[in-house]
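Below is one structure, written out as structure tokens; the observations come after it.
Below, read A as the first sequence line, B as the second, and so on, with proteins coming before strands; counting in each chain starts at 1. Quick note: numbers below take in every heavy atom, side chains included, and nothing from hydrogens, waters or symmetry partners.
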Amino acid sequence: MPPPTTAGTLPNRALHARLLRSGALDADPSAAAPLAASAANSSLPYALSLLRAHPSTFSYNTAIRSLAHGPRPHLAVALYRSMLLGPLSNPNNYTYPPLLAACARLLPASSPTPAAAPGTAVHASLFRRGLDSRDRFIGASLLSFYAAAGDLPAARQVFDASPPGQRDLPLWNSLLHAHLSQGFYAHVLRLSRQMPAADEVTLLALVSACSHLGALDTGRWAHASYARTRRSTTRNLGTALLNMYMRCGDVESAWSVFRETLDKDVRTWSVMIAGLATNGLPRDALALFAEMKNTGVDPDSITMTAVLSACAHAGMVDEGKKFLDCMPVEYRVQPTIEHYGCVVDLLGRAGQLDEALALIKTVPFKADVVLWGALLVACRVHKNVDMGEMAAMEILKLDPQHAGACVFLSNVYADAGKWDLVQGVRSSMKEHKIYKPPGSSIVELNGVVYEFLSGDRSHPQSDRIYAMLDEICKTLSLKGHKPSTKEVTFDVDEEDKEVCISQHSEKLALALGLISTTRGDVIRIVKNLRICEDCHSVMKIVSEVYDRVIVVRDRNRFHHFKNGSCSCLDYW
DNA sequence: TTAGGGTTAG
């Protein structure tokens, strides 16, 4: 019998004694399983001695499972090792799914591959036993583990190695999620088309991929196909759908999903509030926040970020500051550095740069790149060169690779004609291999996604697109628009600079959009970088002259161009 | 014999 234990909470000794007295443990050692499982997390030495006295594969598996979902998952791996030592407890196909889940939980949240060692060792171990492709549960667990480790090729390999008969819906969904979590959104769309069936989990991944891509038509199609088969929208799918509509700039559809989603939780509300704030409807966002409080849902940290961002977008400086001050008491949400970032943005937009700087200096955290970055944007918009230079320097101290700060400095120096300093920034960027990713824009027309780079001529209708651009230019000059080439010096890449500003990717996307739509239509463009000043003013004029609503999602926010003005109120 | 895999939104 196992020695008495001294550590941890007390195991169920009464049960243990009963099992021993009745001889149940001798007749069937797996009778120890419930006891081993419950003891594993409270007193592992006790569980271990119990398992050693009455070894069975079943009991070990049960205890490993219990540890895998407990507070110290690494102990599941330890128990597995001791399981391998006993002759009467050989692992079987039930051993590995919980064990691999434990390995996935051991991975640090942020860093990918390196910490994958225990999981790959487990993979090797089950490979040696010939168990790796026999069982669909093991396959799915392995795939999920590699996905969690950020090793997409390995995840893919597990899928490819699994016999087609084992590729059931959960395995496919694991594969989708693996691509989603690594940012391969177009692959998610492609894979989902190859799937023999789809369920809610599939649609969640698909809709989420559409949000990232801004692929509204595909997202709508997914929504419609779901609506055909189900009665009501579940909370999770509803939240994912309205996030998708918001991130595609379709506020109306987001509202209708929001209304029909029953049983809304804090995430549902937060997504809606944040979406309204970033889509140029900050006052609606704040009104919705008030409604949320009335329904008794408590805001969390994310909700407060959305609320503060709404204040910033609405220029409601005093309200924003008040929310920041009262949130720990009134909403029991402790302000984080993100919240301070929103308020720096709020002050910066309002032109209160000194106060924004003062706030950065008093935040109870070490100021980060985001905080200084918010100030940098404000300095750029309000043309405060000295403070902007200081902010850029602070950013480069924290992140010497920060392209935005380099570009800002180079631009400031170029404006001032300090070419030696410009050269200095440029060569330092070259030395550190800092580059601005090439600008690209996506426009989705009739369900087909087109991508443009700057100066792109790869589109089959390229001639018509450039003819349209010419026409736009003529219209603009009639309207008195002068191209703002100021930001050309922002371009880091020499080649980029030579590409005329009139061929920026978002302008090409716009031209194709104009050719393919008629008056009153909506043109939706997704840009990977921040929209440049010239493109921004061109979009405004085009929205009026050609009578289109143009929705541009850039790196940070939405621009809804309509009747000659933009929802961002020219601050971005 | 008993038990095991996928889940999304800010």
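To the nearest angstrom, P of B:dT8 lies 15 Å from CG of A:Leu169. Rounded to an integer number of Å, the gap from CG of A:Leu175 to P of B:dT7 is 12 Å. What separates CG of A:Leu204 from P of B:dG10 is a distance of 12 Å, to the nearest Å. We find that CZ of A:Phe137 is positioned 13 Å from P of B:dT2, with the value rounded to whole Å. Atom CG of A:Leu308 and atom C1' of B:dG10 are 14 Å apart (whole Å). Separating the CG atom of A:Leu171 from the C1' atom of B:dG4 is a distance of 14 Å, rounded to the nearest angstrom. Spacing between atom CG of A:Asn236 and atom C1' of B:dG6 amounts to 14 Å, rounded to whole angstrom units. Atom CD of A:Gln182 and atom P of B:dT8 are 13 Å apart (whole Å).
Counting heavy atoms from C-beta on, the side chains of A:Arg553 and A:Lys527 never come closer than 4.5 Å.
For A:Asn243, taking side-chain heavy atoms from C-beta onward, the closest of the listed nucleotides B:dT8, B:dG10, B:dG5 is B:dG10.
Residue contacts shown for A:Arg247 are limited to sugar-phosphate atoms, with no base heavy atom under 4.0 Å away. Looking at heavy-atom distances under 4.0 Å, A:Arg65 makes contact with sugar-phosphate atoms alone, never a base. Within the 4.0 angstrom heavy-atom criterion, base atoms lie near A:Thr303. Across all strands shown, A:Thr62 has no heavy atoms under 4.0 Å from either base or sugar-phosphate atoms. As judged by a 4.0 angstrom heavy-atom cut-off over every strand, A:Ala306 is placed among residues making no nucleic acid contact. Across all strands shown, A:Asp265 has no heavy atoms under 4.0 Å from either base or sugar-phosphate atoms.
Within a heavy-atom distance below 4.0 Å of DNA chain B, the residues of residues 71-101 of chain A found are A:Asn92, A:Asn93, A:Tyr94, A:Pro97. Of the residues in residues 270-279 of chain A, A:Ser270, A:Val271 come within less than 4.0 Å of DNA chain B through at least one heavy atom, sorted by number.
Within the structure, every side-chain polar atom (N or O) of A:His177 is placed at least 4.0 Å from both OP1 and OP2 of B:dG6.
Judged by distance alone with a 3.5 Å cut-off, a donor-acceptor contact links the side chain of A:Asp199 to the base of B:dG6. The base of B:dG5 does not come close enough to the side chain of A:Asp135 for any donor and acceptor atom to sit less than 3.5 Å apart. Judged by distance alone, with hydrogens and angles left aside, A:Asn173 brings no side-chain donor or acceptor close enough to the base of B:dG5 to form a pair under 3.5 Å. With hydrogens and angles left out, the side chain of A:Asn61 and the base of B:dG4 share no donor-acceptor pair within 3.5 Å.
A donor-acceptor pair is defined here as one N or O able to donate and one able to accept, closer than 3.5 Å; such a pair exists between the side chain of A:Glu444 and the backbone of A:Leu216. Formation of a donor-acceptor pair under 3.5 Å by the A:Arg167 side chain with backbone atoms of A:Ser162 is found in this model. With hydrogens and angles ignored, the 3.5 Å screen pairs a side-chain donor or acceptor of A:Asn279 with a backbone N or O of A:Gly275.
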>> Between A:Thr305 and A:His339, does the side chain to side chain donor-acceptor pair (under 3.5 Å) criterion hold? Intermediate values first, please.
In response: CA-CA 6 Å; A:Thr305 304; A:His339 298 120; 3.3 Å; yes
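Between A:Tyr185 and A:His212, the ring-plane angle classifies as parallel under the 30° and 60° cut-offs.
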Side-chain donor-acceptor distances from residues 22-35 of chain A under 3.5 Å, at least two apart:
residue: A:Ser22; atom: OG; partner: A:Arg18; partner atom: O; Å: 3.0
residue: A:Ser22; atom: OG; partner: A:Leu19; partner atom: O; Å: 3.2
residue: A:Ser22; atom: OG; partner: A:Ala24; partner atom: N; Å: 3.3
residue: A:Asp28; atom: OD1; partner: A:Ser30; partner atom: N; Å: 3.0
residue: A:Asp28; atom: OD1; partner: A:Ser30; partner atom: OG; Å: 2.7
residue: A:Asp28; atom: OD2; partner: A:Ser30; partner atom: OG; Å: 3.0

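Judged purely by distance below 3.5 Å, without hydrogens or angles, the side chains of A:Thr95 and A:Asn92 pair a donor atom with an acceptor atom. Side chain to side chain, A:His123 and A:Thr120 fail the donor-acceptor criterion of an N or O pair below 3.5 Å.
A salt bridge does not link A:Lys321 with A:Asp325: none of the charged nitrogens is closer than 4.0 Å to a carboxylate oxygen.
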